[in-house]
Every structure is written in C-alpha cells, then in structure tokens.
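So the structure is just underneath, and the comments pick up after that.
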Amino acid sequence: MKLKVATCSLAGCFGCHMSLLDIDEKLFDLLKVVEFDRSPITDIKHCGPCDIGIVEGGVCNAENVHVLKEFRKNCKVLVAMGACAITGGIPALRNNVDLWDCFQEVYHYGIGLENGQIPNDPELPLPFDKVHPINEVVRIDYFLPGCPPSADAIWKFLTDLAAGHEPKLDYEMLHYD
Amino acid sequence: MTKTCTFTLDGKTIPFEEGETIMEAASAAGVYIPHLCHHPEFKPHGSCKLCTVNIGGRLGAACTNRAADGMKVDSETEALNADRRALTQMLFVEGNHICPSCEKSGNCQLQAVAYHLEMLTPHFTHFYPARDIDASHPDVLIERNRCILCELCVRASRDVDGKNVFGIGGRGIKSRLIVNSASGRLADTNMSVTDRAAEVCPTGAILRKRHGFTVPIGKRLYDHHDIAEVPEAGLKEPRRD
Ligand code: SF4
Ligand code: SF4
Ligand code: FES
C-alpha cells in the first residue's frame, strides 16, 4: 500500500515546496511509493488520515495554527521542513518589531506606496505579534533543516522514512541556509 | 622536542608537554574536541563548556584543565555529545540566529559545531531577545543578535590589539557585548578593521563591512568540511585588501 503524504506551507515562501519539486524525475519514483493527500500539489483543501505530514513555514497567524493542528491530528508522523518551520526563519526577523509599526511600514510608508490601507477584512486570519517555529505549538517527530533543504536532502529524507528507518542526512545535506 | 608524558583520549595515546591543556595536546595530536570559546592564540576562557570531557570520572573543560601523565580522558561519548548538542541548542535559542539571513553562514563556528553534532533543531523555546546592532563604525559591524559571549573579541582587542575596545556588561541572561567608549558606539573607539578583534569572532556578531558575500553561500568552508577536519580555519578569513 502506498504511503499517504500531506504537505502545506504556513509562514514560509514556498521555497521548500519548490525544492520538493526539484527532485525532478525522481518524483515519478516517489509517486510509486507515496500518494499525496492535502498539498499545494493536489489542491485538496483538508487532509484525511495520513502517514506523513510535511510542514513548511512557522506560525505567524491564527489560521496557521488551525492548519498545523489539523496536520498533527491526521498525520502519524509530522515533519518540520525548512528553516522557518524549525526556527521561525526569515519571517521571525520581525519578532522584535512592533506589529503595528510593521503594518505601518508595509502598507503606509513602504517605498512607492500611496494612500495605503491596512487590510482589515474579517476573513483575514489574525496575525500574531511574533512568529514561532511549529514545534512550539505541536509535537514534531522529525526536522529537515535548510533554506530550503536541497532536493537531494528531501529525497534522502523521504526515502529513508518510507523505507521505515531513521532519516540520516549526509554532512553536505545538512545545512541551515 | 619530543614529548615524554602521555595521557589517553578515548583510548588513544596523546603525548603532551608539561603545562599543556588537554585541548592543546589533543589539537597538536590532530584530535578534535568540540569548542567555541577556545582559540589556540588566546588565553583559555572556559565559558562555553562545549569542550567538557570526562577526566577520570570527573567532568571538566578540556581547554582549562592541564593534561597529566597517565590520566584517562573520554570525549567522544554519546552522553557528552548529547550535552554538547543541548548547549549548542541553547546558544541558538538565546540569541537570534537566522542563518539564511546571516553573512557568516557557512563560515560560522557555532553553525559548524551544530552541523558536527548533527543538530537538526534548536529544540528549546526561542527567546527572540531584543538586541541592538551597532553600524556606526565605517568598516566594522556589530550584530549582537548573534553574539555568544565567548569573549574572543574582548581577549583579542585587549591582549593583541592593545586597545580594550570590547567588554561584557550585565549579568546572567542580561549579559551583552559592550563597547568601551563614552557613547557606547563602536565609531567612537580607535577600533580599526585591521585589528585582530575584527576577524576573531566565531559567529556573525562582528563583521567587516562590504565583505559578507565575497564567497557565495554554498561555497564556504563548512558547507563542505566538517569542523573536526578544519577546526581553526574558519577563524582566519582571507583579508579583502
Ligand atoms: S552567527 Fe552563525 S549560527 Fe548565528 S545566524 Fe549567523 S551563521 Fe547562523
Ligand atoms: S562578538 Fe563574537 S567574539 Fe565577541 S563575544 Fe560575541 S561571539 Fe564572541
Ligand atoms: S572551549 Fe572550553 S569551555 Fe569553551
């Protein structure tokens, strides 16, 4: 039976997902052993029971937390992929800037802006004052660092996991940048 | 001069001269003991505790404990490396180490030690402390978010440059790198970019300006070499001029 895998991007840049796609033709090999559930690749909006959940990005707003909890509830094994999921990453650079100042800068004073407005639609998720890595919200089983992790690292990690052993990255595959 | 005394390190015989520390003797014999605040050119500091080894059943810093004839030292044990990993993780969460945005990434000793110890996550809750940057000096930048308080810059400025530009102020978790000028700004000191203190920092906390990306990310020292193979090399970056 194929392994069910779900993926999502929270407060990330989709770079990790691009790196996942970067495993190129090996994706076909991967698809022989895994089947994607909720993922930007399938466009399925909610995940059902899965073997592996892969999360890119940290949590920067209320919706991120809902998605993360949905993944934790449904996935037997949850993986934090990339610097942002593991440390907060680049979005966490705003953690010492006041949220209001941040909005002012982005929507009012940024270069080239005129008559800016701070979006305030009730549909928009509530932003947090700080960005957090996902292991500060739910339990995480594995961490795959990198900004993004290389396609080789992702491949090695997933094939190790699919084969049922502890993922082990070679020296050059382990990096934080 | 041939060394006559020996001790064992993980079962290997290490020769040493009277007065040498465990760290000095091990380095001379080509054996790596993880460390951050130790630098062969400077007086031992003994603060990071990464080099902690088991000396005949007692834990002690390899960089401050003298070697003794016949002593039995263990370093590469699972327990010691687990402690080292935990210490490294604490250093990461205590500061703001966002490696993807750091000029030092790939040449950073803190990061390299973390790679060596196969640290996959900083694990502990991040502090995200508020720390200042000092960009006042024309050639040297201070990025306190990345300082691990190893005092190598303090030692270099005081003992080699003879300038005493840096110090550590505050206590405990409030300790921070300070600059010895009335304004507290680096621009108001006699610090020069050619000072030893400008290149000794193991992390990206003291950087020479306009230099950060001379070597692109991915082509840097620890991108390809485990720090155990090149323990001191990261400290001496090639000069720009
Ligand atoms: S100083 Fe080292 S560990 Fe800290 S952000 Fe820079 S590269 Fe990463
Ligand atoms: S600035 Fe660098 S050299 Fe100085 S104490 Fe901090 S980490 Fe050490
Ligand atoms: S290297 Fe020995 S305590 Fe830091």
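Because the structure is predicted, anything quoted here is derived from the model rather than measured. Proteins get letters first, then strands, A, B, ... in listed order; numbering begins at 1 in each.
- Both the backbone and the side chain of L93(A) come within less than 4.5 Å of a heavy atom of chain B.
- Across every non-hydrogen atom of D177(A) and C99(B), the tightest pair is CB-O, 4.2 Å.
- Atom CG of D170(A) has more than 12 heavy atoms from other residues, nucleotides or ligands within 6.0 Å.
- A donor-acceptor pair under 3.5 Å is absent between the side-chain atoms of Y171(A) and the main chain of H116(B), judged by distance alone.
- Between H126(B) and H132(A), every side-chain heavy-atom pair lies at or beyond the 4.5 Å cut-off.
- Of the inter-residue distances, the one linking L174(A) atom CG with Y222(B) atom OH reads 15.0 Å to the nearest 0.5 angstrom.
- To the nearest 0.5 angstrom, K130(A) atom NZ is 9.5 Å from Y128(B) atom OH.
- Enclosure of atom NZ in K69(A) is not indicated, since only 12 or fewer non-hydrogen atoms of other residues, nucleotides or ligands lie within 6.0 angstrom.
- With contacts defined as side-chain heavy-atom distances shorter than 4.5 Å, the pair T87(A)/I98(B) does not qualify.
- Here P133(A) is the residue among P133(A), C147(A), C84(A) with the most heavy-atom pairs under 4.5 Å with chain B.
- For chain B, the nearby part of V131(A) is the backbone; its heavy atoms alone come within less than 4.5 Å.
- Contact of F92(B) with chain A is made through the side chain alone, with heavy-atom distances under 4.5 Å.
- Of the possible polar contacts, none joining the Q111(B) side chain to the Y176(A) backbone as a donor-acceptor pair under 3.5 Å is found.
- Taking G106(B), P129(B), C102(B) one by one and counting their heavy-atom pairs under 4.5 Å with chain A, the maximum is reached by P129(B).
- Crowding of M90(B) atom CE: a count of heavy atoms from other residues, nucleotides or ligands under 6.0 Å exceeding 12.
- Residue N115(A) places its CG atom among 12 or fewer non-hydrogen atoms of other residues, nucleotides or ligands, all under 6.0 Å distant.
- For F124(B), the CZ atom is densely surrounded, since the number of other residues' heavy atoms within 6.0 Å is greater than 12.
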Checking side-chain contact (heavy atoms from CB on, under 4.5 Å) for the pair L120(B)/I86(A): CA distance, chi angles, key distance, verdict? CA-CA 9 Å; L120(B) 298 175; I86(A) 296 173; over 6 Å; no

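- Residues D223(B) and E172(A) come closest through the heavy atom pair O-CG, 3.7 Å.
- Inter-residue side-chain proximity for N96(A) and N96(B) is flagged as met; some heavy-atom pair is nearer than 4.5 Å.
- Contact annotation for E136(A): only side-chain heavy atoms (C-beta onward) come within less than 4.5 Å of a heavy atom of chain B.
- Heavy atoms from other residues, nucleotides or ligands lying under 6.0 Å from CZ of F213(B) number more than 12.
- At a 4.5 Å heavy-atom cutoff, the contact between A92(A) and chain B is made by backbone and side-chain atoms alike.
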